[in-house]
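What follows is a short report on a single structure.
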Amino acid sequence: MTLLWIPLLTLLGVLVPALTARRGRGFCTLATVTLPAMALLLTLSQVPALLDGELPRVALSWIPSLGLDLAFRMDGLSLMFATLILGIGLLIILYAHFYLSAGEPYGRFYAYLVLFMLSMLGIVMADNLLLLWIFWELTSLSSFLLIGYWSHWTDARKGARMAMTVTGAGGLALLAGFLLLGDMVGSFDLGVVLSSADVILADPRYPVMLVLVLLGAFTKSAQFPFHFWLPHAMAAPTPVSAYLHSATMVKAGIFLMARLHPALGDSELWGWLVTLTGMTTFLYGAWFALLKTDLKAILAFSTVSHLGLVTALLGIGSPMAILAALFHILNHATFKGALFMSAGIIDHETGARELGKLGGLRRAMPITALLTTITAASMAGVPLLNGFLSKEMFFTETLDTALLGGLGWLLPVLATLGGILSVAYSLRLVHGVFFKPAKEVPPKSPHEPPRLMRAPVELLATLCVAVGLFPAALATGILDLATRAVLREPLDFHLAIWHGVNLPLVMSLAALAAGITAYGLHSNIRHFARQFAPIDARLVFEGTIQSLVARTQTLTHRLENGSLQRYMSLLLGTALLLATLGLVELPELAGDKPTQPLDAMLVLGSALMIFAALGTAITHRYRLISLLMLSVVGLVVSLTFARFSAPDLALTQLSVEVVTMILLMLALFFLPQKTPQESSASRIIRDLVLAGTLGMVVASLNYAVLTREIDSIAGFFIANSVPGGGGHNVVNVILVDFRGFDTLGEITVLALAGLAIFKLLNRLRLFMPHSDGEGRVWSPDRYPMILTTVSQALLPLALLVAAFIFLRGHNMPGGGFIAGLVTAVALILVYMARGVEWTQNRLDFPYQPVAIGGVAVATLTGLGSWLFGRPFLTSAFGHFHIPLVGDIELATAMLFDLGVYLAVVGATLMILANLGKLTTPHRPTKEAPAVSRKETPAPPSEEAPLILDTEKSQRPSKEKA
Amino acid sequence: MEPLMAVVIGILYAAAIYMMLRRSIVKLVIGLMLLSNAANLLIFTSAGLTRGAPPLVPEGLAEPLGKVADPLPQALVLTAIVIAFGVLSFAVVLIRRAYEIVKADDLDKMKDTDT
């Protein structure tokens, strides 16, 4: 469990700066440092266990179905990286304390920094590939925040975006690679993956997976050709550059390669890809480091170069090469971290970062000059410093590898060339800043930085020297643990300064000599390089992104021009294509099932339906006739249901048909009266063809289904309806019991639709039109006598029928839906016969609570089963004897059905009554768009006339049929 | 009678789609209504055409005696009918609100969100 506290403490540490930022910077810095420092101590406390050969692990199950566990481990490799991350991170926080200027929100900066620390810790400690990936993405996010910290500055925003895009894209590739890897091995557990090298290497998908994983690693570690984001990320504050871009984030890719080396590394493909990418990056970075003039740009390209060196070593992959790679990671973190901080100090104290503006600072900043010289010499590989040791090991390995076969001599030559370049740029950096006479006076008068700001640099420079002098004593322990974790067996090695006169030493000395010469010829080199047009990676990147955006926008505009018809025809065309493909695959349209004989009733009904359907479409310009045709379709559909053994459906369809027709009549009334000019002939033909072919395809589909035997799951429902649900009407039992959850969702939707309509119509004022769209004047007889009388007599009867239908619903056709609709229809009839005014005076309650109450009753019924320890919506039923009434079967499903009933009644009335209200005499009777949304209604008057004839001229021009 | 049923449903679909492809909003609404009828019929018939055997269990028995109609599509269609009503009315009101801005019964004029 101690292990879990390392990331956990760091996670808590993210909150600390945010909470303490108000207490002043000193306090905030101290508080921020506390928790990561404790995490560092905890990390170091694991050392004894590691020395005993144990592997501390902790695993909590997180999402087992995905194979994602909250699993951490602490092997030698994790230990080395965690120490680096926490150790250098603490130094960086101390450094940032002095670096940031007074007005800047340091609390936020520290929080981002610690968040980044956490994500790096997660990567190096994760014991599960998916968990590792999550932290991997978190580093991309947190580094985005850090690079873009000076968000008012365009370069910072662009640099942050570029880093995010490149590493984010790599992250996606990595995820794909991990998923493949997990699929090959059958587990995302790191331990399992690492010990399944034979399975992985034998899998045919190995090359694809390897390329995907390496894409992730290369983008993160800025390997050529993905290196271009790193120099632009230098727009970040220098502490960020020193932390992310020297010691940690860019090492994440390298860490990943080292971590997965046991599982993936033993193949030719790995050797070629990784070594050659590494060598290319090594030389490319070194060349550009020599040409740049900005201090941070030089350091950035030299980082790219050194990352290439480590990558090449990992590609070579021999035990000693792994050792050299790990050793160089440590050394690079010390000298490059120190150099970045020195660059920040120079920038901070002089206000300039360009080599052309700097010079002769040795006098003003002697100690900084000494520290920078030591660390730069280490970078160049000068003997007696730590950089020399690992660089010489690199030379040795390039000599020993058999990778390129006959061309094997190429690697050491290239390595020496890179060595020459790094000597030259290191020399140029130190000489240009401290020793060469200044060309111009820097913006600020230079002086030494505060004592504590220099302290991290001093510590790191001391380490460079100490490790360089006593490598065996200082570095052997941690390297032994780390190599053991990568190689999975102890490696017998001996770090020493002096190996005798051998080829690597000659290479080192040659590189030193040639590097000094190259610096001497530096102006010639720059002159030579100037012949090539410089490529600004940012311009290329931005250009690519912008052309991509432009192209997708063109495509989007072409696909989505805003026309509903366009979308529908695209959608229908696709459906047509897919359905046609499916039909073509059928051997023949008709199945084996014999067709049933026709009868006169059916032919008649079908003819009626076809007539009405075509009539609806043909008469579409005469709205009222079209609607009447539509209602015929609805009625025949209801008869069809009755004919084919669906009494419940027939009842529902019939009652819904009534409310729908009322709705559509109202809609005709307040939807636009004018119809646009009819479409062009070509468009009509297109629509006819599309509609016709789709109709044919649907008919064929339907016929194909109808003539085949279908294996339905209905048997279960029929068999269990009585014993399990206590009801004889299977359809109703399905609705309220088996699939009660669906029904609950549906009544919720219905109630929501009602509420939304209520809100949408709120305060809507409509003029009272004189006539319908076709010029028919409304009847002056608003409330016909016969209808009024009949409706009054019908209401109690209808309510009684509704109650009857509701009660018998569980056993006979009926139920909550139908009863609700019947009730709603009966009440609507009263509204129509008597008007809203009259009805509301007598039926004075809002329908919203009814609808909501219905949903609540249904939900509570469902929740009630929890009281008895059953799952949501379990129903219970039993037989009861009620005096006078006799034996009766009661089920909780009935209570649920009551909720359905209430929801249907409430929602339907809410919809129709609200729509109907729009047309009462309360509304202004003039057509005036401004009035239509006025908030105050006109004074009510029972006798409000319909529109007077004198107002005719103000009415909309009649729609021409 | 299966071929006839298929033809009827096909024609319902064709009429509905033709209506929905018109420019007028009112026609879109009518088309929507036709389409929901057509789709309900399609789902309902997909379980086969059974006559005179509603899915009811006779009183006193645990299971129906003979083969009965498939209750599952019936249950699905029943809620679909009610929901179709809710959706239709919502669409009508929404269109009404859109009309207040566009001021024309023309879908071709509803191409932007910032008219």
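Proteins come first, then strands; the chains are lettered A, B, ... in the order of their sequence lines, and each starts at number 1.
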Where on [X] is there a heavy atom nearer than 4.5 Å to chain B: the side chain, the backbone, both, or neither?
X        : answer
A:Ile734 : side chain
A:Leu752 : neither
A:Ala907 : neither
A:Leu663 : side chain

Segment of [X] engaging chain A (4.5 angstrom heavy-atom cut-off):
X       : result
B:Val82 : both
B:Leu88 : both
B:Leu61 : backbone

Under a 4.5 Å heavy-atom cutoff, which of [options] has the most pairs with chain B?
options                      : result
A:Ala719, A:Ser645, A:Ala751 : A:Ser645
A:Phe738, A:Phe817, A:Phe717 : A:Phe817
A:Ile710, A:Asn729, A:Val705 : A:Asn729

Suppose we screen for salt bridge (Lys or Arg N to Asp or Glu O under 4.0 Å). Which residues come up paired with A:Asp742, at least two apart in sequence or across chains?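 A:Arg739.
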
Any sub-3.5 Å donor-acceptor pair from A:Thr707's side-chain atoms to A:Gly591's backbone N or O?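 Checking the backbone N and O of A:Gly591 against the side chain of A:Thr707, a donor-acceptor pair under 3.5 Å is found.
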
Give a yes or no on whether the backbone of A:Asn811 and the side-chain of A:His728 come within a donor-acceptor separation of less than 3.5 Å.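 Judged by distance alone, no pair lies under 3.5 Å.
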
Would you tell me whether B:Ser46 and A:Asn702 have side-chain atoms, one donor and one acceptor, within less than 3.5 Å of each other?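 Side chains of B:Ser46 and A:Asn702: no pair found under 3.5 Å.
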
Is it the case that A:Arg643 places NZ or CZ above or below the six-membered ring of A:Phe641, under 6.0 angstrom from the centre and within 45 degrees of the axis?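 Verdict for A:Phe641: no cation-pi partner in A:Arg643.
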
Set out, in order, the CA-CA distance, both residues' side-chain angles and the distance that settles salt bridge (Lys or Arg N to Asp or Glu O under 4.0 Å) for A:Asp687 and B:Arg23, then state yes or no. CA-CA 11 Å; A:Asp687 296 347; B:Arg23 269 167 73 188; over 6 Å; no

A quick test of your reading: do over 12 heavy atoms of other residues, nucleotides or ligands sit less than 6.0 Å from NZ of A:Lys759?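 Atom NZ in A:Lys759 is not crowded, with 12 or fewer foreign heavy atoms closer than 6.0 Å.
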
